[in-house]
Amino acid sequence: MNVSLFVTCLGDIFYPNVGKSVVEVLESLGCEVDFPFSQTCCGQPAFNSGYREEAKEAARNMIRAFENSSYVVGPSGSCVAMFSEYEELFHNEPEMQHKARSLKERSYEFTQFLVDVLGVNNVGASLNATATYHKSCHMTRLLGVKDAPEALLSEVEGLNYRKLPNCENCCGFGGTFSVKMVAISKEMVDEKIKDIESTDADILIGADSGCLMNISGRMNRLQKPVKVMHIAEVLTQREEK
Amino acid sequence: MPMRIGTTTFNDRIEKGINDEFMRDSVRSAQERLLGKRLDAAEELGSWEDWRNLGEEIRSHTLEYLDYYLYELSEKVKENGGHVYFAKTAEEANHYIQKVVKRKNGKKIIKSKSMVTEEISMNEALESIGCDVIESDLGEYILQVDDHDPPSHIVVPALHKNKSQIRDVFKEKLGYLNTDKPEELTLFAREKLRKEFLSADIGITGCNFAVAESGTITLVTNEGNARLATTLPKTQITVMGMERIVPTWEELDVMISLLSRSAVGQKLTTYVTALSGPKSPLEGDGPEEFHLVIVDNGRSNIIGTEFQEALHCIRCAACINVCPVYRHVGGHGYGSIYPGPIGAVISPLLGGYEEYGELPFASTLCAACTDACPVKIPLHELLNKHRKNIIEGRGLSAEKIAMRGFQYGTTLPILYQVGTKLAPFLSLPFQTNSFLTKGPGPLKAWTTIRDMPAPNNERFRDWFKKRQKEESFE
């Protein structure tokens, strides 16, 4: 199966290890992974700040970049969900709108692809640690990927999984919200960190680098000892018992 | 601006909210309690999604044919012996109500809870002609006694106060001597209010839903205060937003089920009061005179726009009860009597961007509101549409220039290539142990409270390219 990796701009620039892990997991499951180099950002920062024209041009570039891909897989529910907005952005360009719909139909968030398309829950990972999982809002609510991450984590050998209290609450990232509304964002992320600490987890796992950048950035500032990992990185772990 | 709460700036309000530990404790515990109850009530009904779809369908049909149903409603109310007044503005509504009150020589007015009367500042208008206006909903009563503290929630207006604060208000203002036990506090308010009910000249209510086919107004309460306010005084005035209407009793059934379950997690509120005009000669109680004031106040401007769905709102506050921003800033932070996600959508529609332009940005667009809405209003999408309109209406700004830069950076892959390649070097001065701890522009805002990972020297694309090369050599 041929899969095009949509690494996301955050993944490309700040978290290359997440992309590498996605490649590793997909290849271990027999996928052939390619990377269209003309991909940049999905346009969400502009779109969610009210800049539709700017977002539309970013969208045009992404639609072209993945035009020939049979499956597009990205390690971020939020960025993949952004593809669903493209159709509306091109409401007066029927041909682009058609292409936008096609991209949406071919695109999957990483865990969604593993569970729903490849039908895999157990990728053979093992990690001896206590961990909790942060549900990302866009992935859960906009993309509708609710159970795949936990289904995969429940098969990781040695992982002691603790459910996060108030897991439905946003971590306070919200893209440009995190810099425009710093005071509110701080309260939100601090409550999230308090909830994470209440689980006594050594590791916080997430499936979206935006949220993780926010939570880990704040934990780093507060010198919290909790380690932060993307689920793709967890799924490449092979620890002896 | 009648909807407005206070005169302080957005940032001051946010800061005040965040530093109010009592309020935040109250909001947190209320949110958690209400969320649990709502989910249980939804689950118990079964096929909640089907109910939501039905609710959405009813609301969208009603709004599509609003003129028809409003006409039907007004004809029926008149047939039943009531009076109907269509008020284009808040002023018109208040003027009509003042006129009725004066004609009846009304001095004491007992009210049941109504957001639209808050929206048009009706109490102030009546007080200005010398009336004594008494709120009979317990939450509203507490706020009124506390020197007209504004509501912070549309269903639970005194949500920001805990029981010991309520005890202090009663003690200071009314000479209350007992403890902060809810039963004792309620009993005290009940005794006070009973006297007011019995001596009021006029009862004023809001309206949860008006039923067009029979000219009936319905009210849901848990305290029974709306029933007293519509039974004892000789004159009743009901004020409703023009969109609060259902075609028939069949739809009323669905909407009340959705409302009670979404608002307070109950199958049904303790009282559902339905009133069709003044009392008939055969009836023992009820008002002798009935007035229905239907308020537009900006609503008809929303019809036919990209925001029409905002008028589907049934004021259940489910969106407010799940909102993580509301959770930390509280209702007063929004500066409008309509707080939370629905408030951030409708306050700018009714009060303008000038006044409420910050609100659509005070959201992470996490969509918890959209998920909770029993009539499926796409709240987070409407917030984003506001953002688009606000930005389009603004002149050139540093942010606009940055976003134009974003556009070039994302559409010219070469610019993206070079920009992201340079990022690790450009950010070197701001780095401490592979984290950025300070910086200019948005980075400055980001790093006031958190660190930022430094851009990697080897981007993912560099690694992938290298790997491809190695593979082609193998």
Side-chain angles (χ1 to χ4, degrees), chain A residues 5 7 9 11-16 18-20 23 35 37-41 43 45-54 57-58 60-62 65 137-138 141-142 166 168-170 172-189 191 213-214 216-218 220-221, chain B residues 11 14-15 18 24 32 35 322 324-325 327-329 361-368 370-371 384 386-392 399-400 403-404 406-407 409-413 416 420 423 435 437 442-443 445-456 458-465 468:
Chain A
L5 173 62
V7 77
C9 56
D12 189 20
I13 305 166
F14 297 105
Y15 300 107
V18 173
K20 292 178 203 171
V23 173
F35 181 79
F37 279 93
S38 62
Q39 65 180 282
T40 56
C41 167
F47 182 75
N48 281 355
S49 305
Y51 295 85
R52 300 236 164 161
E53 281 310 306
E54 288 78 354
E57 295 317 309
R60 199 187 298 278
N61 179 61
M62 292 302 264
C137 302
H138 285 178
R141 300 195 183 103
L142 304 190
N166 297 314
E168 311 293 336
N169 281 350
C170 172
F173 176 57
T176 49
F177 173 88
S178 60
V179 290
K180 282 189 180 170
M181 301 275 166
V182 176
I184 309 173
S185 180
K186 170 178 171 282
E187 298 305 315
M188 292 167 75
V189 70
E191 188 181 23
M213 187 166 77
N214 177 43
S216 68
R218 180 67 179 159
N220 200 63
R221 177 64 60 91
Chain B
N11 286 335
I14 296 302
E15 197 189 321
I18 284 172
R24 291 180 58 188
E32 277 151 34
L35 174 67
V322 295
V325 170
R327 184 178 178 87
H328 295 290
V329 306
F361 293 93
S363 162
T364 59
L365 304 183
C366 76
T370 301
D371 249 22
N384 205 4
H386 274 315
R387 293 182 183 186
K388 174 200 67 171
N389 293 347
I390 292 166
I391 294 302
E392 281 172 3
E399 187 186 271
K400 262 197 183 166
M403 283 297 177
R404 197 52 56 81
F406 171 85
Q407 182 189 326
T410 51
T411 50
L412 300 171
Y416 175 89
T420 55
F435 274 93
T437 51
L443 190 56
W446 176 275
T447 51
T448 48
I449 64 155
R450 9 171 157 65
D451 298 332
M452 173 98 183
N456 224 281
E458 186 188 58
R459 296 168 303 178
F460 173 81
R461 61 182 62 226
D462 303 324
W463 173 81
F464 199 88
K465 190 170 265 171
Q468 267 180 335

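Chain naming here is simple, since letters A, B, ... match the order of the sequence lines and numbering starts at 1 in each. Because the structure is predicted, anything quoted here is derived from the model rather than measured.
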Notebook entry, point to check: Residues in ring pair (Phe, Tyr, Trp, His ring centres under 6.0 Å) with Phe460(B), at least two apart?
Noted result: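 Scan of Phe460(B) (ring pair (Phe, Tyr, Trp, His ring centres under 6.0 Å), adjacent residues dropped) gives Phe35(A), Trp463(B), Phe464(B).
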Under a 4.5 Å heavy-atom cutoff, which of [options] has the most pairs with chain B?
options                                   : answer
Leu142(A), Val189(A), Val18(A), Asn214(A) : Asn214(A)
Tyr15(A), Phe37(A), Phe47(A)              : Phe37(A)
Gly175(A), Ala46(A), Ala65(A)             : Ala46(A)

Margin query: Please classify the contact of Phe361(B) with chain A as side chain, backbone, both or neither, using a heavy-atom distance under 4.5 Å.
Written below: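 Both parts, heavy atoms under 4.5 Å.
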Item checked: Residue Leu365(B) versus chain A: region with a heavy atom under 4.5 Å ->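 When you check distances to chain A, atoms from both the backbone and side chain of Leu365(B) fall under 4.5 Å.
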For the residue pair [X] and [Y], confirm or rule out a side-chain donor-acceptor distance under 3.5 Å.
X         : Y         : value
Arg450(B) : Ser185(A) : yes
Glu399(B) : Tyr51(A)  : yes
Asn48(A)  : Arg387(B) : no

For chain A, which candidate among [options] shows the most heavy-atom pairs at distances under 4.5 Å?
options                                   : answer
Met403(B), Arg459(B), Gln468(B)           : Met403(B)
Asn11(B), Thr447(B), Ile390(B), Val329(B) : Thr447(B)
Asn456(B), Leu443(B), Val322(B)           : Asn456(B)

N-O pairing of [X] and [Y] below 4.0 Å:
X         : Y         : value
Glu187(A) : Arg24(B)  : yes
Asp12(A)  : Arg461(B) : yes
Glu53(A)  : Lys388(B) : no

Checking heavy atoms, do the side chain of [X], its backbone, both or neither come under 4.5 Å from chain B?
X         : result
Glu191(A) : side chain
Arg218(A) : both
Val182(A) : both
Asn166(A) : side chain

[X] [atom1] to [Y] [atom2] distance, which is reported to the nearest 0.5 Å:
X         : Y         : atom1 : atom2 : result
Cys366(B) : Phe173(A) : SG    : CZ    : 13.5 Å
Cys170(A) : Arg327(B) : SG    : CZ    : 12.0 Å
Ile14(B)  : Met181(A) : CD1   : CE    : 7.0 Å

